[in-house]
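Here the structure comes first, spelled out in structure tokens, and everything after it is commentary.
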Amino acid sequence: MSKKDKKFISFSLAIKEILDDFSSDPKQYDLFAKVYSFLVGGKAVPGEEECPPMGIKYGGVWHQPENLKEKRFYNWHEFDDLLTQVFSSKLPSAQDIVKLYRMVMGLNAYIGSGPEKKAGIWVETEMEKYQCIQCGYCCLNLYDAFCTSAYEEDMVRWEEEGRWDILDYIVGTDLWISPRTGEEVTRCPWLRKLQNKDKYICRIHDTKPKHCRDYPKSKKHALRTGCKGFS
Ligand code: SF4
Ligand code: SF4
């Protein structure tokens, strides 16, 4: 069996990852209900609220604080902000941050000391089970995989490498704009399907944008966005 892949993160980074998870996928009703009631107490259950006069129903979570009869509804749009408020008003204990991290990321994690002997969290990322099978799904289907912004470090690297072919497809830091039409492309210009195979390659693999290199960010990110690397 391959060695377990682990990473060490600070408590504040763990909180950031939790918040990022809800901001990139806010409609996690059950999970939000669990996390919110764990942090503030009371009872939280997923549900809906009907908004007059149109009668449109919004998904979210009903929360009943301890010792109060009145319930309050939180629309899924608010999840991210609510958690930010809770974390800024009172920082949970180290043990609670680990529990929350396990709950949200679905990974084993425990308190320990890191390379500089600072306390933080060791996370078993399970990325040792991941293997890209070059199915091309992310490049073809995840809009933010090919039409987003380049990081400053990408821009600097491409300039240093003299990759004017890549820079030609960028306006400002926007990826990928056709130099011919001035319009956003509908498919990444660097993606190629291998002849007679169901496999794809990235023609700029060695210098591809940071957000492509970072994909998938975690096992949860991979499973949520349809990456086949864990199958
Ligand atoms: S640059 Fe490469 S990895 Fe990124 S979307 Fe295009 S083909 Fe895929
Ligand atoms: S979806 Fe996952 S397995 Fe498929 S090409 Fe992208 S990273 Fe690789």
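As the structure lists them, so they are numbered: ligands from 1, and atoms in each ligand from 1.
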Identify the closest protein heavy atom to [atom]: which residue and atom is it, and at what distance?
atom: atom 8 (Fe) of ligand 2; answer: Cys132 SG, 2.4 Å
atom: atom 5 (S) of ligand 2; answer: Gly136 N, 3.3 Å
atom: atom 3 (S) of ligand 2; answer: Ile133 N, 3.4 Å
atom: atom 4 (Fe) of ligand 2; answer: Cys135 SG, 2.3 Å
atom: atom 2 (Fe) of ligand 2; answer: Cys227 SG, 2.4 Å

- Message: So that I can check it, does any N, O or S atom in Cys138 come closer than 2.8 Å to atom 6 (Fe) of ligand 2?
- Response: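 Here the distance criterion (N, O or S atom, under 2.8 Å) is met by Cys138, so yes.
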- Take every heavy atom of Tyr130, measure it against each atom of ligand 2, and state whether any distance is under 4.0 Å.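 True for this residue.
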Can you tell if the side chain of [X] reaches within under 4.5 Å of the side chain of [Y], non-hydrogen atoms only?
X: Phe11; Y: Ile121; answer: yes
X: Val123; Y: Met105; answer: no
X: Asp154; Y: Pro209; answer: yes
X: Val35; Y: Gln28; answer: no
X: Arg187; Y: Trp176; answer: no

- Task: Under 4.0 Å, heavy atoms only, figure out whether ligand 1 is touched by the backbone of Pro189, its side chain, both or neither.
- Result: neither
- Query: To the nearest 0.5 Å, what is the distance between CG (Leu39) and CZ (Phe32)?
  - Reply: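 Output value for this atom pair is 9.0 Å.
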Run the numbers for me: atoms of ligand 1, each under 4.0 Å from some heavy atom of [X], listed by number.
X: Cys202; value: 1 (S), 2 (Fe), 3 (S), 7 (S)
X: Lys208; value: 3 (S)
X: Cys139; value: 3 (S), 5 (S), 7 (S), 8 (Fe)
X: Pro209; value: 1 (S)

- Message: Between Lys220 and Glu17 (salt bridge meaning N to carboxylate O under 4.0 Å), is one present in this structure?
- Response: no
- For Tyr215, the ligand 2 atoms whose distance to one of its heavy atoms is below 4.0 Å: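 By the 4.0 Å cutoff, the relevant atoms are 7 (S).
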- Of all the atoms in ligand 2, which lie at a distance below 4.0 Å from a heavy atom belonging to Tyr137?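 Every atom of ligand 2 under 4.0 Å from some heavy atom of Tyr137: 1 (S).
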- Test: Lys99 cationic atom under 6.0 Å from Phe38 six-membered ring centre, within 45° of axis: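 Not flagged: Lys99 not positioned over aromatic ring of Phe38.
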- Message: Against Tyr74, only a single residue in Tyr58, Tyr36, Tyr29, Trp62 fulfils ring-ring contact (aromatic ring centres under 6.0 Å, His included); can you say which?
- Response: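 Going through Tyr58, Tyr36, Tyr29, Trp62 one by one, the ring-ring contact (aromatic ring centres under 6.0 Å, His included) with Tyr74 is satisfied by Tyr36 alone.
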- Query: Would you say Gln131 has more than 12 foreign heavy atoms packed within less than 6.0 Å of its CD?
  - Reply: no
- Message: So, 2.8 Å as the limit: is an N/O/S atom of Cys212 located closer than that to atom 4 (Fe) of ligand 1?
- Response: yes
